[in-house]
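A short write-up of the structure that comes next.
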Amino acid sequence: MSKIGVMMSENRADAQMSSHFGKAEWIMVIDTDNPVPTFEKNMVLNGKCASENVIRQGCTDVIVADIGDGALGHLQTAHIRAWAAPEPVTGNEALRMLREGQLPPVPAARAASRHGEGHGCCCANLAASEAPSHCHG
């Protein structure tokens with residue numbers, strides 16, 4: 001059994017995927033044993049929280065249109081494979097493309113090069129004293 005997360009702009013499988021991982025309002029989760037999708041609301045709209053949601057859902061794979069290095073690093077640490085979907089594409093189309101081997105893997109995260117970069121969350125460009133309390137770096 002495996003679970004696939006698809007980063008969505010709406011909570012419908014026929015809706016367009018979100019253009020960015022951390023800004024996805026919904027995560028569509030498909031269990032390969034039960035193809036009926038479920039939808040998880042991404043409340044905070046940042047890469048770290050989206051990563052945590054995907055991990056909490058037990059996903060083994062995630063389909064994204066774009067993802068920052070910090071969020072990608074969180075997924076890689078959890079051994080979740082990230083797949084790059086073209087834009088624009090619906091959630092259903094992205095799933096079909098993954099099943100048919102048409103999606104390339106997202107390249108490995110690069111090391112953060114600027115101070116504060118690579119958290120995978122909304123505080124990436126803030127000084128440490130300005131970071132929101134929900135940021136765990």
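Starting from 1, each residue takes its place in the sequence as its number.
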Side-chain heavy-atom pair W26, E40 within 4.5 angstrom cut-off: no

Single-linkage hydrophobic cluster, 4.5 Å side-chain cutoff, F39 and L95 together: yes

Point-to-point distance, once rounded to the nearest 0.5 Å, from NZ of K23 to CG of L45: 6.5 Å

Min side-chain heavy-atom separation V6-S18 under 4.5 Å: no

Side chain to side chain contact (heavy atoms under 4.5 Å, CB included) evaluation trace for K3 with I30: CA-CA 6 Å; K3 288 186 178 181; I30 302 292; over 6 Å; no

Note, M28 side chain near I63 side chain (heavy atom, < 4.5 Å): no

Shortest non-hydrogen separation from S51 to F21 and the atoms involved: OG-CE2, 3.5 Å

Contact check, side chains of E25 and M8, non-hydrogen atoms, under 4.5 Å: no

Cluster link V106 to I80, ILVMFWY, side chain under 4.5 Å: yes

Non-neighbouring partners of W83 that pass side chain to side chain donor-acceptor pair (under 3.5 Å), sequence neighbours left out: D61

Side-chain heavy-atom pair L75, I67 within 4.5 angstrom cut-off: yes

Results of side chain to side chain donor-acceptor pair (under 3.5 Å) for Q16 - residues two or more places apart only: none

Close side-chain approach of S19 to E87, heavy-atom, < 4.5 Å: yes

Closest contact, heavy atoms only, C49 versus V44: SG-CB, 3.7 Å

Minimum heavy-atom distance L103-A85, with the two atoms named: CD2-CA, 3.9 Å

Listed once per pair and sorted, the salt bridge (Lys or Arg N to Asp or Glu O under 4.0 Å) pairs that draw on residues 89-99, sequence neighbours left out: R96-E100

M7 reachable from I55 in the ILVMFWY side-chain graph, under 4.5 Å edges: yes

V89 with V64, same ILVMFWY side-chain cluster at under 4.5 Å: no

Rounded distance (nearest 0.5 Å) linking atom CD of Q57 with atom CD1 of I4: 14.0 Å

A15 versus E10, closest heavy-atom pair with distance: CB-CB, 3.7 Å

